[in-house]
Amino acid sequence: MKKIILTPLLLTVMLLASCSGDEKGLKDTFEGDFLIGTSMNMPQITGRDTMAQPFIVKHFNSVTAENCMKWERINPEPGRYEFTLADSMVAFALRNNITVIGHVLVWHAQTPDWVFQDSLGNPLSRDALLERLKDHIFTVVGRYKGKVKGWDVVNEAVDEDGSLRQTKWLQIIGEDYIEMAFRYANEADPDAELYYNDYNNEERAKRAGVIPIIRNLQAKGIRVDGVGIQGHWHLDSPDMEIIDESIGEYAALGMKVMITELEINVLPTPSWLYGAEISRIAEYRDSLNPYVAGLPNSVEAQLTDRYAELFRILLKHDDAVTRVTFWGLHDGYSWKNGWPIPGRTNYPLLFDRDYNLKPAFHAVIDEAEKFK
Ligand code: G3I
């Protein structure tokens with residue numbers, strides 16, 4: 001009998017076949033509704049996780065850089081840019097006909113202190129900071145012009161109560177830092193879509209702060225194409241009616257609506273840690289990490305129902321919703337294993353740690369098929 005030599009490639013193909021069978025890719029099921037995306041991290045981009053890229057090609061038609069396009073990664077020091085990982089992700093996506101989303105140009109987090117200081121460490125003037133912002137946006141957006149479909153131009157500029165978040169951008173430049181970022185991004189790539197992205201912006205209070213930002217841009221003739229609702233959600237929150245209402249309200253402004261960082265946390269979590277305020281963390285306790293040995297069927301069922309309910313709403317709005325991106329390729333990669341409480345075992349996505357399809361995956365597919 002002929003001996004079969006198990007090369008890494010063959011092994012990957014076999015593993016994929018055993019994990020995902022002959023079923024349709026997630027993206028194919030939602031063809032004509034909206035793009036289905038995933039974030040990509042370092043092991044996936046470099047191919048160190050040999051399963052990741054074939055899996056992404058099968059199930060997703062959009063990718064977002066989870067970290068490698070953030071200011072501290074792509075422009076860690078004045079004048080120094082690190083494009084290697086971002087270039088690889090973009091090349092992988094384009095080779096495979098996958099839409100690339102750029103994340104993120106202006107954010108209060110993961111932006112090095114030097115950005116706001118002169119060479120002596122003194123705070124920059126408004127004009128100098130605007131110049132630096134323009135230079136960063138032109139360099140990064142310019143490099144991927146024609147390759148990135150859309151950019152998260154400004155991320156998380158609004159607080160829970162709807163007021164503008166107190167950031168160095170706001171303090172040094174003033175409220176128009178948002179307009180200026182959108183102006184620069186438009187100049188740098190007039191064909192890329194430009195988004196405002198936030199978490200909890202489905203909630204009424206925060207939405208009441210985001211809507212005037214969009215209206216202000218529109219009133220001044222500054223291009224903004226869409227609103228990203230991150231979607232860092234939970235089994236018990238938010239209410240589906242709130243998600244439904246918020247999509248409708250953003251769409252009524254003429255915005256494309258995207259769920260940009262979706263996952264559903266299944267672990268007990270104090271509600272003051274809902275959302276994605278990464279400066280907040282809580283201490284680890286075993287009682288907050290109850291499913292280390294596996295997710296009980298009853299909780300799995302809740303997760304499945306919640307995903308089904310969510311996708312019913314997203315499909316209902318498929319004229320406005322243009323993309324749904326999951327924040328993590330499978331449960332093992334989710335940032336929710338480490339935040340807001342470090343060292344937990346979470347199960348927030350559609351694929352398990354071995355790339356197996358979870359019941360939530362099938363439920364989401366069923367919703368799409370019922371909808372056709
Ligand atoms: O790669 C380094 C590793 O070399 C080092 O040993 C280790 C020690 O801390 O850190 C690793 O980097 C971490 C990185 O994730 C990769 O895992 C950073 O510390 C950590 O801060 C970083 O967290 C990211 C977080 O944003 C902050 O940038 C998460 O992966 C990422 O999922 C999360 O994504 C954000 C969105 O960009 C915006 N919306 C909220 C969302 C969740 O916070």
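Order of listing sets the numbers, starting from 1, for every ligand and every atom in it. Because only heavy atoms are used, hydrogens play no part in the values below, and waters and symmetry mates are left out as well, while side chains stay in.
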Any non-hydrogen protein atom below 4.0 Å of [atom]?
atom                    : answer
atom 43 (O) of ligand 1 : yes
atom 40 (C) of ligand 1 : yes
atom 12 (O) of ligand 1 : yes
atom 19 (O) of ligand 1 : no
atom 30 (O) of ligand 1 : yes
atom 8 (C) of ligand 1  : no

Counting the benzene-type ring for Trp, do [X] and [Y] have ring centres under 6.0 Å apart?
X    : Y    : result
F311 : F30  : yes
W151 : W107 : no
H330 : F55  : no
H108 : W169 : no

Can you list the atoms of ligand 1 that are under 4.0 Å from a heavy atom of [X]?
X    : result
E156 : 38 (C), 39 (N), 40 (C)
I278 : 27 (C), 43 (O)
Q230 : 39 (N), 40 (C)

Given that the side chain starts at C-beta and the backbone is N, CA, C, O, which of these parts of [X] lies under 4.0 Å from ligand 1, counting heavy atoms, or is it both or neither?
X    : value
Y199 : neither
R73  : side chain
N67  : side chain
N155 : side chain

**Report entry** Min N/O separation W107 to ligand 1 under 3.5 Å
**Finding:** no
Charged N-O contact under 4.0 Å between [X] and [Y]:
X    : Y    : value
D87  : R143 : yes
K206 : D198 : yes
E179 : K220 : yes

**Report entry** Within 45° cone of F138 ring axis and under 6.0 Å: K134 NZ or CZ
**Finding:** yes
[atom]: which protein heavy atom is closest, and how many Å away?
atom                    : answer
atom 21 (O) of ligand 1 : Q110 NE2, 4.1 Å
atom 32 (O) of ligand 1 : E66 OE2, 2.5 Å
atom 34 (O) of ligand 1 : W327 NE1, 3.2 Å

Query raised in the report: Have N155 and Q230 got a donor and an acceptor in their side chains that come within less than 3.5 Å?
Result: yes
Query raised in the report: For E283, does the CD atom have more than 12 heavy-atom neighbours from other residues, nucleotides or ligands under 6.0 Å away?
Result: no
Requested in this report: Could you tell me which non-hydrogen atom of W114 sits nearest to which non-hydrogen atom of P76, and how far apart they are?
Outcome: NE1-O, 2.6 Å
Requested in this report: For atom 25 (C) of ligand 1, state which one of K70, M69, E263, M42 supplies the nearest heavy atom.
Outcome: K70
